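This report refers to the structure that appears directly beneath it.
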Number of protein chains: 2
Amino acid sequence: MAAAGCAASSIGSDRAEEPWVRPDKPRRPTVADVAQRAGTSTAVVSYVLNDGPRPVSESTRSRVLAAIDELAYRPSRSARTLRSRHSQFIGLVMPGTIDPYYVELSLPIEQAAARRGHLVMIANSDFDPAQEVAITSALIDEGVPGIAIAGLGASPSLARLIEASDVRVVFVHHRPEGYTGPLVAVDDRRWARHAVEHLIGHGHTRIACLGHHDDDGPVGARVSGWRDALSAAGLAHGDELIIRSGVDRLSASAAAEHWLKERADVTAVFAATDELAFGLMHRAGVLGIAIPSELAVFGFDGVSAAATSVPELSTIVEPFADIGERVAALLFEERDDPKDHQLECRPVYRASCGCR
Amino acid sequence: MAAAGCAASSIGSDRAEEPWVRPDKPRRPTVADVAQRAGTSTAVVSYVLNDGPRPVSESTRSRVLAAIDELAYRPSRSARTLRSRHSQFIGLVMPGTIDPYYVELSLPIEQAAARRGHLVMIANSDFDPAQEVAITSALIDEGVPGIAIAGLGASPSLARLIEASDVRVVFVHHRPEGYTGPLVAVDDRRWARHAVEHLIGHGHTRIACLGHHDDDGPVGARVSGWRDALSAAGLAHGDELIIRSGVDRLSASAAAEHWLKERADVTAVFAATDELAFGLMHRAGVLGIAIPSELAVFGFDGVSAAATSVPELSTIVEPFADIGERVAALLFEERDDPKDHQLECRPVYRASCGCR
DNA sequence: CTGTTAGCGCATTCAG
DNA sequence: CTGAATGCGCTAACAG
């Protein structure tokens with residue numbers, strides 16, 4: 001960056017400014033400027049700004065306020081951060097935005113933070129482990145007082161870094177091995193079971209499971225829930241009815257392609273995430289397989305797009321708003337921190353499972 | 001990302017307790033600690049860290065490096081920002097994430113910035129004008145050297161604020177009235193016309209247009225392109241074939257509901273954004289209207305979900321990667337700034353228009 | 001009630 | 001080649 005100071009050869013300026021500062025732009029006003037204009041000291045300005053810690057007389061206060069207004073003064077956040085050792089920003093570490101689930105998750109967290117007067121800095125690792133470490137440490141170095149982590153691989157070095165610093169960390173949706181800190185999540189296993197039991201209720205007996213390779217995380221738990229439901233109903237079959245795909249709908253669609261052609265006897269699929277369900281429904285559409293009459297589908301996540309897919313997707317809706325609020329509460333308020341905060345989901349039955 | 005709270009706009013700040021201070025944690029090491037351990041001065045540590053501006057002997061350098069390593073020292077970003085007057089972060093102002101278009105747009109910008117060693121702070125205004133001002137000024141106060149603005153209403157006060165500060169600003173997709181700064185966008189009008197001409201090529205003569213209320217921005221230009229194509233083909237009809245909706249697919253679906261029941265003679269729709277097209281296709285699905293045989297649909301944006309919708313959506317694909325790269329180039333590099341950078345789109349013909 | 005002043009951690013200039 | 005010293009803008013002791 002560094003705009004060029006073209007008038008570098010200063011003839012004899014009374015105040016030799018740094019050459020990289022644009023000469024036409026006036027320096028931003030500081031507390032000192034405000035103090036001078038208000039005829040007070042910088043301390044008083046600070047007291048007015050922060051409404052404390054010492055009282056200020058009404059007359060002085062209004063003089064300071066006037067000066068602030070006239071100079072269009074705005075405090076420097078970085079100076080404040082340096083001094084107070086904590087930035088006004090909260091960090092939010094996300095694995096990526098390919099899956100709208102994470103986008104959906106971020107919004108209420110932002111809003112809950114905003115309600116408390118904090119901005120959220122989203123750091124997107126784009127599913128890259130190296131980036132995860134880089135952005136998380138950047139956040140810490142920036143001085144954020146807290147970080148919400150919505151997706152991260154197990155990384156001992158990162159865990160150590162977090163441990164060594166004094167940031168508060170809250171995990172959302174999943175806490176990988178090796179980390180400590182409260183987790184805000186849902187009972188993936190139980191609700192997955194609920195979804196599959198619903199499909200069984202529709203009369204299906206051969207129910208496949210579409211998941212990706214994340215056996216330790218929420219997806220793994222959802223796959224377990226699928227097994228639970230089948231076992232309980234005496235329908236247990238082997239893992240040959242598990243379809244493995246990548247995390248995004250495109251790879252789910254590709255994974256479904258081979259599979260849909262050979263699985264004539266399967267009449268329903270539980271998709272471990274809505275994103276995967278979308279990929280499956282896409283492939284079914286291309287192959288001319290009718291949903292739900294030829295193949296029933298049930299998702300998990302409850303992203304808003306599930307309400308407008310063709311056909312509309314039945315799914316387990318996560319309480320995004322509650323999650324955001326709880327995360328913010330853990331980040332900002334002094335609260336007992338039981339390790340796991342489990343929030344309630346809500347099933348929504350739409351067309352894709354055969355309910356409509 | 002980042003939503004600004006009301007407190008972001010207020011000058012003063014809440015003097016909250018700081019529950020996150022953990023007294024048991026040792027203070028983070030500073031340059032002074034490193035210098036002491038390496039047996040040098042802080043200046044030398046700085047020289048090593050920044051590889052200049054003065055040379056350092058190989059032996060001293062390695063001693064410093066060793067000390068940094070042993071202490072697990074990491075420089076404080078806020079101190080650096082305060083000192084250098086510029087943060088390491090780039091700001092990205094987004095109107096919201098309801099429409100995946102903006103999510104799609106943000107990713108390549110992030111990546112292009114990351115390639116240059118910068119992280120991006122996403123500020124999400126959530127389509128709220130007050131938030132726009134709040135978050136943008138928060139970004140400026142934070143000391144970011146540049147801001148990419150992907151969505152913003154016309155706001156004289158904000159324009160003045162930007163003008164008064166020395167941030168570089170680049171507009172993406174749209175530059176509202178009253179602002180100055182380079183714009184990176186596409187030729188909305190011409191490509192919209194292309195899309196409609198494609199529909200005409202399929203034999204359609206009554207082609208509707210689905211848009212939202214943004215007549216000055218890109219959507220307005222796309223509606224104009226729709227008119228252009230019809231006029232040129234001698235098919236001009238009045239604005240009664242314009243369907244007005246909100247920005248998201250849910251409201252597009254609602255807007256389409258009334259309309260689809262009466263549209264008997266209309267056989268094709270040009271949707272000004274993919275998001276609107278998704279809403280339309282959803283409603284068509286619910287009403288049992290077959291796409292494309294009963295109603296052809298063409299979108300605009302080229303979000304990745306268009307490739308997996310049911311049916312797959314024909315659309316004008318914006319060059320997201322090029323846009324991101326160009327934005328970063330304008331933000332970081334010294335470059336001539338012609339006002340408008342127009343990038344090329346690419347039409348993709350899928351099932352929804354009748355091509356497959 | 002208000003003014004003075006010492007740092008926060010870092011980068012950089014000026015002496016050595 | 002290196003070290004001491006000076007702020008960046010702000011907050012909060014510590015004096016009045």
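Computed from a predicted structure; not experimentally measured.
Remark: B:Asp340 engages B:Arg175 in a salt bridge (charged side-chain N to carboxylate O under 4.0 Å, His left out) (not counting sequence neighbours).
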Protein-nucleotides 14-16 of chain D N/O pairs under 3.5 Å:
none

Report each atom pair, protein N/O against N/O of nucleotides 8-10 of chain C, whose distance is under 3.5 angstrom.
unit_1, atom_1, unit_2, atom_2, d
C:dC8, O3', A:Arg85, NH1, 3.0
C:dG9, OP1, A:Arg85, NH1, 2.8
C:dG9, OP1, A:Arg85, NH2, 2.9
C:dC10, OP1, B:Tyr73, OH, 2.6
C:dC10, OP1, B:Ser76, N, 2.9
C:dC10, OP2, B:Val31, N, 2.6

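Of the side-chain N and O atoms in A:Thr60, none sit less than 4.0 angstrom from OP1 or OP2 of C:dC1. Not one side-chain nitrogen or oxygen of A:Thr42 sits closer than 4.0 Å to the OP1 or OP2 atom of C:dG3.
For the pair A:Leu139/A:Phe89, no side-chain contact is recorded, criterion being any heavy-atom separation below 4.5 Å from C-beta on. The shortest side-chain heavy-atom distance between A:Thr97 and B:Glu110 does not fall under the 4.5 Å cut-off.
A:Asp51 has its CG atom 13 Å from the P atom of C:dC1, to the nearest Å. Spacing between atom CD of A:Gln36 and atom P of C:dT4 amounts to 12 Å, rounded to whole angstrom units. In this structure, A:Ile68 places its CD1 atom 16 Å from P of D:dG9, rounding to the nearest Å. Rounded to a whole Å, the CZ atom of A:Arg63 is 10 Å from the C1' atom of C:dT2.
For the pair B:Ser41 and A:Val44, nearest-nucleotide mapping onto DNA chain D gives the more 5' position to B:Ser41. For the pair B:Val56 and A:Val45, both in contact range of DNA chain D, the more 5′-proximal nearest nucleotide belongs to B:Val56.
A distance-only check finds no donor-acceptor pair linking the side chain of A:Arg77 to the backbone of A:Gln88 [under 3.5 Å]. Under a 3.5 Å cut-off, the side chain of A:Asp126 and the backbone N or O of A:Asp128 do not form any donor-acceptor pair. Side-chain N or O atoms of B:Arg63 include one that pairs as donor or acceptor with a backbone N or O of B:Ala38 at under 3.5 Å. At least one donor-acceptor pair closer than 3.5 Å links the side chain of B:Arg168 to the backbone N or O of B:Leu330.
Note on A:Gly39: only backbone sugar-phosphate atoms sit closer than 4.0 angstrom, heavy atoms only; bases stay farther off. As judged by a 4.0 angstrom heavy-atom cut-off over every strand, A:Thr81 is placed among residues making no nucleic acid contact.
Note: B:Tyr102 and B:Phe127 have perpendicular aromatic rings, judged against thresholds of 30 and 60 degrees for the angle between ring planes.
Applying the salt bridge (charged side-chain N to carboxylate O under 4.0 Å, His left out) definition to pairs two or more places apart or across chains, those involving residues 29-41 of chain B are B:Arg27-B:Asp33, B:Arg37-B:Glu70.
Overall bending of the helix from C:dC1-D:dG16 to C:dG16-D:dC1, expressed as the angle between end axes built from five pairs apiece, is 50° (10° steps).
No more than 12 heavy atoms of other residues, nucleotides or ligands sit less than 6.0 Å from atom CD of B:Gln36.
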Below 3.5 Å, can you tabulate the donor-acceptor pairs from side chains in residues 142-162 of chain B to any protein atom, sequence neighbours excluded?
unit_1, atom_1, unit_2, atom_2, d
B:Ser155, OG, B:Ser157, OG, 3.4
B:Ser155, OG, B:Leu158, N, 3.2

